2 protein chains.
Amino acid sequence: MAGHKTAMDQRAREIFGVACRLLCEMGYERASIRDLAEAVGMTKAGLYYYFKSKEELLFLILDSYMDDLLTGMEEITARIADPEERLKAYIHFQVERYCQDTYRSKLIINDENCLSGEWFKTVKDKQRRYLSYWRETLERFGHQRGRPIDHLSAHVMLLIGMCNWIYQWYHPEGELRPPELADLIFRRFTLGLDG
Amino acid sequence: MAGHKTAMDQRAREIFGVACRLLCEMGYERASIRDLAEAVGMTKAGLYYYFKSKEELLFLILDSYMDDLLTGMEEITARIADPEERLKAYIHFQVERYCQDTYRSKLIINDENCLSGEWFKTVKDKQRRYLSYWRETLERFGHQRGRPIDHLSAHVMLLIGMCNWIYQWYHPEGELRPPELADLIFRRFTLGLDG
DNA sequence: CCTCTATTCTACCGGCCGGCAAGTAAGCTG
DNA sequence: CAGCTTACTTGCCGGCCGGTAGAATAGAGG
């Protein structure tokens, strides 16, 4: 029985992985179930043994990604108390995540709007929880330095903007290694061009 | 004859405007020609009198947007010589553009990949020219301050990241007015949190 | 061997897709 | 008035879409 479950899980994971790549590269709407079936070497109908609908598949991908993100943020938050060091760690984590999980990182930016109803709400809610990590830490950081940050939410979005926009241009194999990029972002945001 | 042309242009402009809104709100793939026809109060086939294909319509939208962007950047570049002031002006222009032309601004970020072949290349090429304005000015800015910027391209993308990510969160009617936001971006990038 | 269950395939569905051919009403031009 | 153009409409096309019913297959347990 355990054997059954693992085999099932293994196949499901394989489909899941191929789906991430395909949906990311083609876009959710463009990529058809037939494309996915061909890519994993199955029939279209066979796929429906593992998920109920195309939209559920997208949900599973995006929701699991948000779970991974939140778990990471949670872990950092528990481990690092100092706001400055924690903020640094958030940025490093974010860049690292993009490099190690490019497909899902791009998918959640490009195709989150393809979800509807409860699915959309669930993912959006986790994004809100994710943002609150940043906001809280950034607020403490300002407080620690004796210069509280006004327009806090806007600042959070500017910082996240730098972190997330990398999906548009960054290639980890280039001259700038992930940790260097993360440091760059932190210094530019906190110290400006002279940092 | 001039009358004909204007009437034709007027109708075309109307279709164009509705298309921008519809394609932006639904996404290019999701929005069908039938949806667009209904939205402008015509038949699907009638639309094809004004453009050759759905993809051409998207191209016309994105290409014209890039033209507007480049024209604006060109004008600023010609008018302002000082690198610092020019950089400020770029940022203000970018934020302003987003506020006044939200649909096309979002479209070019979300759906540029729906173009193929020559159309894609044409738009991408204009984006490259657009980036070169930023890069050149940022480089001069660093030189002017006696601190040349290394990883120049990365810095350009970080700055543009803050400017473009606003499509994900910014509402011009909120507490932060467009010029204030533009100033905020400039100060955060050049001076850090203390600016 | 048979049986049962897990997994996958064949064959099909209705519906919407982008696009086109042909027709037409209105208006302008001689 | 005829002749031509503009600005559409009607009606259709083949094709792909997501999704499903039910048969076939395979492997484990008895």
Side-chain angles (χ1 to χ4, degrees), chain A residues 1-20 22-23 25-62 107 111 113-120, chain B residues 1-20 22-23 25-62 107 111 113-120:
Chain A
M1 181 171 174
H4 283 186
K5 192 156 184 290
T6 340
M8 151 87 172
D9 282 2
Q10 222 157 1
R11 199 83 168 100
R13 263 194 298 273
E14 186 195 338
I15 294 172
F16 193 85
V18 176
C20 287
L22 206 79
L23 294 190
E25 286 173 351
M26 302 186 63
Y28 172 77
E29 302 284 356
R30 218 181 193 80
S32 73
I33 294 293
R34 284 167 177 84
D35 293 330
L36 178 57
E38 193 180 359
V40 297
M42 285 179 76
T43 326
K44 180 173 50 97
L47 295 178
Y48 280 91
Y49 179 77
Y50 293 95
F51 53 84
K52 290 188 183 64
S53 71
K54 192 189 179 189
E55 197 175 339
E56 189 204 65
L57 175 60
L58 179 63
F59 171 74
L60 292 174
I61 293 173
L62 300 187
L107 260 178
D111 292 316
N113 294 315
C114 295
L115 292 179
S116 62
E118 279 309 309
W119 280 326
F120 182 75
Chain B
M1 179 170 175
H4 283 184
K5 193 156 184 290
T6 339
M8 150 85 172
D9 282 3
Q10 223 156 358
R11 199 82 168 102
R13 262 194 298 273
E14 186 195 338
I15 293 172
F16 193 85
V18 176
C20 288
L22 207 80
L23 294 191
E25 286 173 350
M26 301 187 64
Y28 172 76
E29 301 285 355
R30 220 181 192 81
S32 74
I33 294 292
R34 283 165 178 86
D35 293 330
L36 178 58
E38 193 180 358
V40 296
M42 285 180 75
T43 327
K44 182 172 50 96
L47 294 177
Y48 280 92
Y49 178 74
Y50 292 96
F51 52 85
K52 290 188 184 64
S53 70
K54 191 189 179 189
E55 197 175 339
E56 190 205 64
L57 175 60
L58 178 64
F59 171 74
L60 292 174
I61 292 174
L62 299 187
L107 260 177
D111 293 316
N113 294 315
C114 294
L115 291 179
S116 63
E118 278 310 309
W119 281 326
F120 182 75

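Just so it is clear, the structure is predicted and the values come from calculations on it, not from any experiment. Every chain is numbered from 1, with letters handed out A, B, ... down the list of sequences.
Considering only residues two or more places apart in sequence or on other chains, B/Ser32 meets the side chain to side chain contact (heavy atoms under 4.5 Å, CB included) condition with B/Arg34, B/Asp35. For A/Glu25, the side chain to side chain contact (heavy atoms under 4.5 Å, CB included) partners two or more places apart in sequence, or in a different chain, are A/Arg21, A/Tyr103.
Interatomic distance, OH of B/Tyr49 versus CD1 of B/Ile15, reported as 10.5 Å (0.5 Å rounding). Considering OH of A/Tyr48 and CE of A/Met42, their distance stands at 12.0 Å, rounded to 0.5 Å. A distance of 9.0 Å separates CD1 of A/Ile61 from CZ of A/Phe51, quoted to the nearest 0.5 Å. If you take NZ on A/Lys54 and CG on A/Leu23, they are separated by 7.0 Å, rounding to the nearest 0.5 Å.
Of the possible donor and acceptor atoms, none in the side chain of A/Tyr50 sits under 3.5 Å from a partner among the backbone N and O of A/Leu57.
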Would you tabulate the nitrogen or oxygen pairs shorter than 3.5 Å linking the protein to nucleotides 9-14 of chain D?
from: D/dT9; atom 1: OP1; to: B/Thr43; atom 2: OG1; distance (Å): 3.4
from: D/dT9; atom 1: OP2; to: B/Thr43; atom 2: N; distance (Å): 2.8
from: D/dT9; atom 1: OP2; to: B/Thr43; atom 2: OG1; distance (Å): 2.5
from: D/dT9; atom 1: O5'; to: B/Thr43; atom 2: OG1; distance (Å): 2.9

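In this entry the distance linking CD of B/Glu55 with P of C/dC17 reads 17 Å, nearest Å. Note: CZ (B/Phe51) to P (D/dA7) measures 15 Å, nearest angstrom. If you take OH of B/Tyr28 and C1' of C/dC17, they are 12 Å apart, rounded to a whole angstrom. Atom OH of A/Tyr50 and atom P of C/dA6 are 12 Å apart (whole Å). In this entry the distance linking CD of B/Glu56 with P of C/dC20 reads 11 Å, nearest Å. Atoms CZ (A/Arg11) and P (D/dA26) sit 15 Å apart, rounded to a whole Å. One atom, CD1 of B/Ile33, and another, P of C/dC20, lie 11 Å apart when rounded to the nearest Å. The interatomic distance linking A/Glu38 (CD) with C/dC9 (P) rounds to 13 Å, in whole Å.
Taking only side-chain nitrogens and oxygens, A/Tyr49 never comes nearer than 4.0 Å to OP1 or OP2 of C/dT8. One finds a side-chain N or O of A/Ser32 lying less than 4.0 angstrom from the OP1 or OP2 phosphate oxygen of D/dC17.
Among the atoms of the strands shown, only primed sugar atoms or phosphate atoms (P, OP1, OP2) are found under 4.0 Å from some heavy atom of A/Ala31.
Taking the nucleotide of DNA chain D with the nearest heavy atom to each of A/Lys52 and A/Asp35, the more 5' of the two is matched to A/Asp35.
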